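Below is one structure, written out as structure tokens; comments come after it.
To find a chain, count down the sequence lines: A is the first, B the second, and so on, and within it residues start at 1. When reading the values below, keep in mind they use all heavy atoms of this one structure, side chains included, and skip hydrogens, waters and symmetry mates. Every value quoted in this text rests on a predicted model; they were computed, and no experiment measured them.
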There are 2 protein chains.
Amino acid sequence: MKKKVVIVGGGFTGLNTARILSNRKDVEVTLIDRKNYHLFQPLLYQVAMAALGEGDIATPLRNMLAGYDNVTVFKGNVCNVDLEQKKVKTDFGDIEYDYLVLACGAQHHYFGKNDWEEHAPGLKNLAQASEIRRRVMEAYEAAERTNDMKERKKQLTFVIVGGGPTGVELAGSIGEMSRYTLSKFYRHIDPKLTRIFIVEAAERILGTFSPELSSKATRELEKLGVQVWTSSMVSDVDADGVQIGRERIEAATVLWAAGVKASEIGQNMGVQTDRSGRIMVEADLSLPGHPEVFVGGDQACYTLENGSTLPGMAPVAMQEGKAIGRMILDDLKGKPRKPFKYRDKGQMATIGRNRAIVEIGNLKFDGAIAWFTWLLVHIYYLSTFKHRVFVLMQWAWSYFTFGYGARLIVNKDWRFYREQKSSPCDDKKA
Amino acid sequence: MKKKVVIVGGGFTGLNTARILSNRKDVEVTLIDRKNYHLFQPLLYQVAMAALGEGDIATPLRNMLAGYDNVTVFKGNVCNVDLEQKKVKTDFGDIEYDYLVLACGAQHHYFGKNDWEEHAPGLKNLAQASEIRRRVMEAYEAAERTNDMKERKKQLTFVIVGGGPTGVELAGSIGEMSRYTLSKFYRHIDPKLTRIFIVEAAERILGTFSPELSSKATRELEKLGVQVWTSSMVSDVDADGVQIGRERIEAATVLWAAGVKASEIGQNMGVQTDRSGRIMVEADLSLPGHPEVFVGGDQACYTLENGSTLPGMAPVAMQEGKAIGRMILDDLKGKPRKPFKYRDKGQMATIGRNRAIVEIGNLKFDGAIAWFTWLLVHIYYLSTFKHRVFVLMQWAWSYFTFGYGARLIVNKDWRFYREQKSSPCDDKKA
């Protein structure tokens, strides 16, 4: 009898599990995702900032898995899991499993203030990237149209909430675009006067990096006109700006790069989760008491021996996906599972042209070398050869012309996933 | 005193007028468009069919006009024109003109049945192209998910209403994609069984071409699995298909490539229009009684000596745009205006890989040579060098790999323009 493996989510984890299990005669894999594409999320901010197009960082899951005869892909919503009956409940029926891999990722979290989302969209999918691009570009258009100086200043003010890698990348890109690209396109405004704020609750930005590199990043951001406000907690967000305690920044555009929360499925299942909704897993990435259920990527909370947990990063998700695939193969061979071991390959963040920071163990560097390292690593990890060629060409073009890609304003239904999630599944949660 | 020229619309007409008037000290140009980009509409169906990305056929107007110091661009909505006061009424205030150029294009027209739009979107802007892509790809996903054979057949049935160049291009692309690209991606369905219908009210498709070429195109379409129903008038469109008199086609996806109607501004202004809302113009493309107001492109109805009118095609719009620019320059020099003369460069339509038809005067050809001609002409007319390079690369890639581009499903707010139009301008029409 073939073992039925159901994978929920076609991100870095799900895709890597599917690949490990591919073309095996004893395993039948079903991958379910509510998108029809795999997204290379580390470059999503470049779509938001018009440096790349949607097709440059996303590939249909069917393309990526076409060569694996034992893998079936369904586009659909998973609402809940029946752990006793070993069934996944979807909006197109129940699907039985022998092994289940949950890798549904995370979404933005507004600390209970869900009405902030309207005024401060996050960046997790392509529609949101388009929405952020639209808001940023519309602000410059509105500034050019108006004669009211106060209004113009508000339109040329951008606030990014959260000083992690995404917040830094967004702020750096807006700074760079306003200084080097947009300046020649407007007649009534000087885009160089754009004001950009990063508002970070912690004492420093990029808290997972060493204080030294975090301070270097702050200086690089300041060179691009970004003001970094640390130890600053946003107390309110509305259509005209943000409130930080007693201080107020009037801004037409506010972007959210702060908290994330794991997919709701963990809550629906009633299993143990941490504060951000991540499902607690054993050393072999399985659900406690359910060795046939694995959780990986941003949805999993994997506790290290020192008590800390693995962060929501692409390398973690990739390694977990491969490890889960190997655990299943070990089971089939009757071998004992080996605990998952994360191989830390370091971390990096980019601020702009020739500006980045890289930290690999004790090795730390910044500037142009760091930027080229960042660039090579990202090209290397892109999912297809075609993507590598086209992204490299776009980057080379922008690098030599100081231009950005097509800053097109196209309205997209950016809250689609939230809305969709709450409709067909609502009656199936119970 | 500098003459104030206001151009409404950044399509082929408006852009060409702006270029003719660029960098002149005696003219101040203001171009208003509700989009922030110029769209190369002849290739829009390729975005809908995922062969190209949005950025491949659209360029921000500000990029294209950045080098012209006397041109200001505003993104905004024009609601009406006060011909007596010589003012354009926009949602960001009134703008005075000495010369006005109206080139607002056309939209789809449902012959008074506006509720059909929901079930049969048209193809005029990027958001609609995404919506068509989404519907086509979602249909294959739904067919793969279901076990109900009747439902599966409905999902794999596509109806295109209208057998003009756009309808033929859409039908040909779906036929080709289903046969050559999608076939290896699904486990439960055979995309080769896709049924595609073109429903055309006239006696033959591609009515502006010679009967000989139109018949060749029909045969090429049939080879790709497209059934061509001529002399067939759609009497109803709903969520499950179309009604053609007594006959019914059950189809999950219906696309509209039939009637178009010129922008509503003509009606708001109360000037003489033809049945499709196009404004009647004099031999110099001016509004009767208003030599300072020009109309061009799909919004103009230009009557030839033989009584026929110029069609809504890119070459017509380009030539009219240039002619309008020259009329204004002639006025400034005190020279009499020369009547507009359209130089017919022929027409072409593409059906698929190595399949196209070309008609230039009495010269008619089809097949691979026609297809390469089509390809070269479109590359040549693309607006920037970067677009030419990237589009050619995408095409070469697809040609040699038999692959299509990224068939990403991203929800966009495709009825955006309609909604937007009815909000800020409503109180300013009067």
Side-chain angles (χ1 to χ4, degrees), chain A residues 35-37 39 50 52-56 58-60 62-63 65-67 69 71-76 90 92-93 125-127 129-130 137-138 140-142 144-147 182 184-188 386-387 389-390 393-394 397 401 403 405-414 416-417 420, chain B residues 35-37 39 50 52-60 62-63 65-67 69 71-76 90 92-93 125-127 130 137-138 140-142 144-147 182 184-188 386-387 389-390 393-394 397 401 403 405-414 416-417 420:
Chain A
K35 304 184 303 299
N36 79 328
Y37 55 85
L39 181 66
L52 292 175
E54 296 176 341
D56 293 326
T59 321
R62 296 194 181 282
N63 278 42
L65 298 166
D69 287 340
V71 181
T72 303
V73 177
F74 287 122
K75 179 173 183 294
T90 76
F92 57 98
N125 60 49
L126 287 178
S130 280
M137 298 316 307
E138 287 279 17
Y140 285 98
E141 295 299 330
E144 174 85 349
R145 272 193 307 256
T146 189
N147 292 316
L182 297 183
K184 56 185 177 290
F185 293 143
Y186 295 85
R187 302 280 175 260
H188 300 152
K386 186 181 174 190
H387 281 132
V389 173
F390 278 82
M393 272 191 57
Q394 297 266 15
W397 200 285
T401 62
R407 301 176 308 286
L408 310 174
I409 300 178
V410 183
N411 261 50
K412 306 203 188 179
D413 195 357
W414 59 288
F416 172 60
Y417 294 119
Q420 192 190 43
Chain B
K35 304 183 304 298
N36 79 328
Y37 55 84
L39 181 66
L52 293 175
E54 296 175 343
D56 293 325
I57 63 159
T59 323
R62 296 194 181 282
N63 277 42
L65 299 165
D69 287 340
V71 181
T72 303
V73 177
F74 287 121
K75 179 173 182 292
T90 76
F92 57 98
N125 60 48
L126 288 178
S130 281
M137 298 315 308
E138 286 281 15
Y140 285 100
E141 294 300 329
E144 174 85 350
R145 271 193 308 257
T146 189
N147 291 316
L182 297 184
K184 57 184 175 291
F185 292 143
Y186 295 86
R187 301 281 174 260
H188 301 151
K386 185 180 174 191
H387 281 133
V389 173
F390 278 83
M393 272 192 55
Q394 297 266 15
W397 201 285
T401 62
R407 302 175 308 285
L408 310 174
I409 300 177
V410 184
N411 261 51
K412 304 201 189 182
D413 195 355
W414 58 287
F416 172 61
Y417 294 117
Q420 192 189 44

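Minimum heavy-atom separation, A:Lys184 to B:Ala66: O-CB, 4.1 Å.
Qualifying side-chain contact (heavy atoms from CB on, under 4.5 Å) partners for B:Thr72, counting only residues two or more places apart in sequence or in other chains: A:Glu144, A:Arg187, A:His188, B:Phe74. For B:Phe185, there are no ring-ring contact (aromatic ring centres under 6.0 Å, His included) partners two or more places apart in sequence or in a different chain.
Residue B:Leu65 touches chain A through its backbone alone, counting heavy-atom pairs closer than 4.5 Å. For B:Val73, the part sitting under 4.5 Å from any heavy atom of chain A is the backbone (N, CA, C, O) and nothing else. Heavy-atom distances place the backbone of A:Val71, and not its side chain, under 4.5 Å from chain B.
Ranked by heavy-atom pairs under 4.5 Å with chain A, the first of B:Asp56, B:Asp69, B:Thr146 is B:Asp69.
Summarising the geometry, atom CE belonging to A:Met393 is positioned 4.5 Å from atom CE belonging to B:Met393; distances are rounded to the nearest 0.5 Å. Distance check, rounded to the nearest 0.5 Å: CD of A:Glu141 to CZ of B:Phe92 gives 10.0 Å.
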